[in-house]
Peer 1: 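Below you'll find the structure I mean.
In what follows, chains carry the letters A, B, and so on, assigned in the order in which the sequence lines appear, proteins first and then strands, with residues in each chain numbered from 1.
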There are 2 protein chains.
Amino acid sequence: MLRLTKKADYGLMALKYLAEHPDSVSVSAKDIADTYGIPPQLLAKVLQRLTKVGLLRSHAGMNGGYELSREARRISAFEVIHAIDGPLFITSCTKGSKSCDLEPNCTIKEPLARVNESIAGVLKSISIYDLVDAETAAGRSAEMLVTLMHS
Amino acid sequence: MLRLTKKADYGLMALKYLAEHPDSVSVSAKDIADTYGIPPQLLAKVLQRLTKVGLLRSHAGMNGGYELSREARRISAFEVIHAIDGPLFITSCTKGSKSCDLEPNCTIKEPLARVNESIAGVLKSISIYDLVDAETAAGRSAEMLVTLMHS
DNA sequence: CAGTATAGGACTGATTTTGTCGCAGTTCAA
DNA sequence: TTGAACTGCGACAAAATCAGTCCTATACTG
Ligand code: FES
Ligand code: FES
């Protein structure tokens with residue numbers, strides 16, 4: 001349950017890699033795929049998607065590749081996951097498109113929406129930079145959560 | 001993404017139903033399935049699973065059915081989801097059974113484990129009773145979270 | 001015993017996820 | 001100007017997971 005798709009995982013790994021190599025002007029999908037041992041073409045698609053939503057800047061051609069469009073500190077895990085896996089909804093029926101047939105009966109959706117918000121809050125409080133410098137993540141996460149809950 | 005399986009949804013709905021009908025000594029799977037319009041046999045399996053892990057008590061035979069094994073306030077959404085959807089967590093590679101092949105390279109797992117804990121915390125702070133009396137859920141959730149984070 | 005209910009294994013079909021292939025466009029540098 | 005090394009897509013195939021059904025056994029009630 002509640003598991004991230006591999007694509008999202010790949011995306012986070014790639015962004016982390018980019019954050020760790022700010023010196024390189026741009027890194028190709030293949031480079032990242034090779035170092036992590038993940039399917040190059042699949043990673044390429046993930047990175048293309050991240051580019052499309054504006055988290056990355058791409059550069060075609062020889063010595064081309066990708067670079068972060070903002071500093072790692074300003075890219076949240078939520079954005080990445082949202083871009084790749086789509087809007088995260090804990091309820092099995094996606095409220096967005098088509099409400100499920102048990103809508104009138106199901107009273108579980110509402111309270112679970114709050115849980116959803118909490119989770120989104122946690123994810124928003126984690127930045128790519130936090131993945132690099134893992135130690136700071138816990139503290140920041142707790143801080144953000146408290147303020148989030150008081151709002 | 002991050003969506004609950006329908007089974008887990010059904011399980012939560014059923015438990016909520018049971019919490020709302022404490023007067024009835026026991027309720028059959030069919031009763032619940034009918035009121036919510038979900039496949040009876042599927043719900044039956046879910047309830048069987050919940051019985052197996054001790055969240056419900058079952059009673060075969062005529063006028064048989066299920067009842068909560070504890071008060072609704074003491075059954076968390078986490079337990080229900082965990083029982084039905086299994087222990088798999090936000091990291092795509094289940095740490096429990098078999099570590100994925102990119103284990104040595106992937107440095108993302110660790111920080112994400114914290115996120116995982118936070119989410120589990122939220123789920124643990126929601127009880128079946130909170131689903132019934134939805135208004136209180138938000139408050140309790142926030143409270144629990146803050147204490148959780150400070151531990 | 002007859003009827004109703006849980007218990008659970010096996011199985012099929014639907015849906016989602018994961019990964020591949022092929023081709024078109026872009027950039028760079030020899 | 002040619003070709004190698006890239007990104008950008010769309011379609012597709014393979015694999016895994018989920019949802020739902022069926023069938024049989026067992027337990028309890030009256
Ligand atoms: S399961 Fe669809 S509205 Fe709750
Ligand atoms: S994806 Fe398996 S260890 Fe990170």
Side-chain angles (χ1 to χ4, degrees), chain A residues 1-11 14 18 24-34 36-54 56-67 69 81 84-86 88-89 92-94 97-98 100-102, chain B residues 1-11 14 18 24-34 36-67 69 81 84-86 88 92-94 97-98 100-102:
Chain A
M1 68 140 222
L2 284 187
R3 81 179 185 289
L4 237 47
T5 62
K6 278 195 174 180
K7 285 185 190 174
D9 228 6
Y10 294 161
L18 288 172
S24 329
V25 182
S26 76
V27 183
S28 76
K30 194 176 171 303
D31 287 343
I32 303 176
D34 282 352
Y36 288 124
I38 60 187
Q41 309 219 53
L42 188 50
L43 179 62
K45 285 206 167 176
V46 170
L47 295 182
Q48 281 164 27
R49 173 136 220 110
L50 292 177
T51 303
K52 210 171 186 181
V53 300
L56 294 178
R57 262 194 304 266
S58 67
H59 187 56
M62 232 174 169
N63 297 320
Y66 299 89
E67 60 178 327
S69 68
I81 294 169
I84 300 172
D85 284 351
L88 77 100
F89 277 127
S92 64
C93 44
T94 56
S97 51
K98 215 178 186 179
C100 89
D101 29 334
L102 4 145
Chain B
M1 70 134 250
L2 278 188
R3 83 183 181 289
L4 239 45
T5 63
K6 280 195 173 180
K7 284 183 190 174
D9 229 5
Y10 293 161
L18 288 173
S24 333
V25 181
S26 76
V27 183
S28 76
K30 193 176 173 300
D31 287 342
I32 302 176
D34 283 351
Y36 288 124
I38 58 187
Q41 309 220 53
L42 188 51
L43 179 63
K45 285 208 167 176
V46 169
L47 296 182
Q48 281 164 28
R49 174 138 220 108
L50 292 177
T51 303
K52 209 170 185 180
V53 300
L55 292 177
L56 294 178
R57 261 193 304 266
S58 67
H59 186 57
M62 231 176 167
N63 297 319
Y66 300 89
E67 60 178 328
S69 69
I81 296 169
I84 299 172
D85 282 352
L88 40 159
S92 63
C93 44
T94 57
S97 52
K98 215 177 185 180
C100 89
D101 30 333
L102 3 145

Peer 1: In terms of the nearest nucleotide of DNA chain C, which residue is placed more toward the 5' end: G64(B) or G61(A)?
Peer 2: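 By nearest-heavy-atom nucleotide position, the 5'-most residue is G64(B).
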Peer 1: What is the distance, rounded to the nearest whole Å, between atom CD of E67(A) and atom C1' of dT7(D)?
Peer 2: 14 Å
Peer 1: Nearest to the side chain of K6(A), heavy atoms from C-beta on, is which of dT4(C), dG19(C), dT26(C)?
Peer 2: dG19(C)
Peer 1: Report the distance from atom CG of D34(A) to atom P of dA5(D), rounded to the nearest whole Å.
Peer 2: 13 Å
Peer 1: Report yes if a donor N or O on one partner sits less than 3.5 Å from an acceptor N or O on the other, where the partners are the side chain of Q41(B) and the base of dG20(D); otherwise report no.
Peer 2: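 No, no donor-acceptor pair under 3.5 Å.
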Peer 1: For G54(B), does its backbone N or O pair with a side-chain atom of S69(B) as donor and acceptor, under 3.5 Å?
Peer 2: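 Yes; at least one donor-acceptor contact below 3.5 Å.
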Peer 1: Is S58(A) close enough to dG8(D) that one of its side-chain N or O atoms is under 4.0 Å from OP1 or OP2 there?
Peer 2: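 Result: yes.
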Peer 1: Nearest whole Å is fine: how far is dT21(D) P from K30(B) NZ?
Peer 2: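 From K30(B) NZ to dT21(D) P: 14 Å.
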Peer 1: What's the closest nucleotide to the side chain of L42(B) if the choices are dG8(C), dT7(D), dT21(D)?
Peer 2: dT21(D)
Peer 1: Hey, does the side chain of Y10(A) come within less than 4.0 Å of dT17(C)'s phosphate (OP1/OP2), counting only N and O?
Peer 2: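 Checking Y10(A) against dT17(C): no side-chain N or O falls below 4.0 Å of OP1 or OP2.
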Peer 1: Starting from the 5' end of DNA chain D, give me the residue, P40(B) or V27(A), whose nearest nucleotide shows up first.
Peer 2: V27(A)
Peer 1: Using a 4.0 Å heavy-atom cut-off across all strands, classify A44(B) as base, sugar-phosphate, or nothing.
Peer 2: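 Nothing: the residue A44(B), judged by heavy atoms under 4.0 Å, touches no strand.
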Peer 1: Could you give the distance from OG (S28(A)) to CG (L43(A)), rounded to the nearest 0.5 Å?
Peer 2: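 CG of L43(A) is found 9.0 Å from OG of S28(A).
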Peer 1: Any idea which of dA5(C), dG8(C), dG8(D) is nearest the S28(B) side chain?
Peer 2: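 Per side-chain heavy atoms of S28(B), the pick is dA5(C).
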Peer 1: Side chain of T5(B) only, heavy atoms from C-beta on: which candidate in dA19(D), dA7(C), dT20(C) is closest?
Peer 2: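 The answer is dA19(D).
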Peer 1: Let me know the distance between CG of L50(A) and P of dG8(D), rounded to the nearest Å.
Peer 2: 11 Å
Peer 1: Counting side-chain heavy atoms from CB outward, which of dT7(D), dT21(D), dG8(C) is closest to Q48(B)?
Peer 2: dG8(C)
Peer 1: Test for a donor-acceptor pair under 3.5 Å between the base of dG10(D) and the side chain of K45(A), counting only N and O atoms.
Peer 2: yes
Peer 1: Between R49(B) (CZ) and dG9(C) (P), how many Å, whole number?
Peer 2: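 After rounding, the gap between these two atoms is 10 Å.
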Peer 1: Testing D31(B), T51(B), V27(B) one by one against Y66(B) for a side chain to side chain contact (heavy atoms under 4.5 Å, CB included), which residue passes?
Peer 2: T51(B)
Peer 1: Between A8(B) and D85(B), what is the shortest heavy-atom contact and its length?
Peer 2: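 Nearest heavy atoms, A8(B) then D85(B): CB-OD2, 3.5 Å.
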Peer 1: Using whole Å, report how far CG of D9(A) lies from C1' of dT18(C).
Peer 2: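 The distance from CG of D9(A) to C1' of dT18(C) comes to 13 Å, rounded to the nearest Å.
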Peer 1: Are any of H59(A)'s side-chain N or O atoms less than 4.0 Å away from OP1 or OP2 of dC28(C)?
Peer 2: yes
Peer 1: Quickly work out the N63(A) CG to dA29(C) C1' distance and round it to whole Å.
Peer 2: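 Result: 9 Å.
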Peer 1: Please check this pair: side chain of S26(B) against backbone of G64(B), looking for a donor-acceptor N/O pair closer than 3.5 Å.
Peer 2: yes
Peer 1: Given dT18(C), dG8(D), dA19(D), identify the nucleotide with an atom nearest to the side chain of K7(B).
Peer 2: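 The closest nucleotide is dA19(D).
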Peer 1: If I take atom CG from residue L56(A) and atom CG from residue L50(A), how far apart are they, to the nearest 0.5 angstrom?
Peer 2: 5.0 Å
Peer 1: Rounded to the Å, how far apart are M62(A) CE and dC28(C) P?
Peer 2: 11 Å
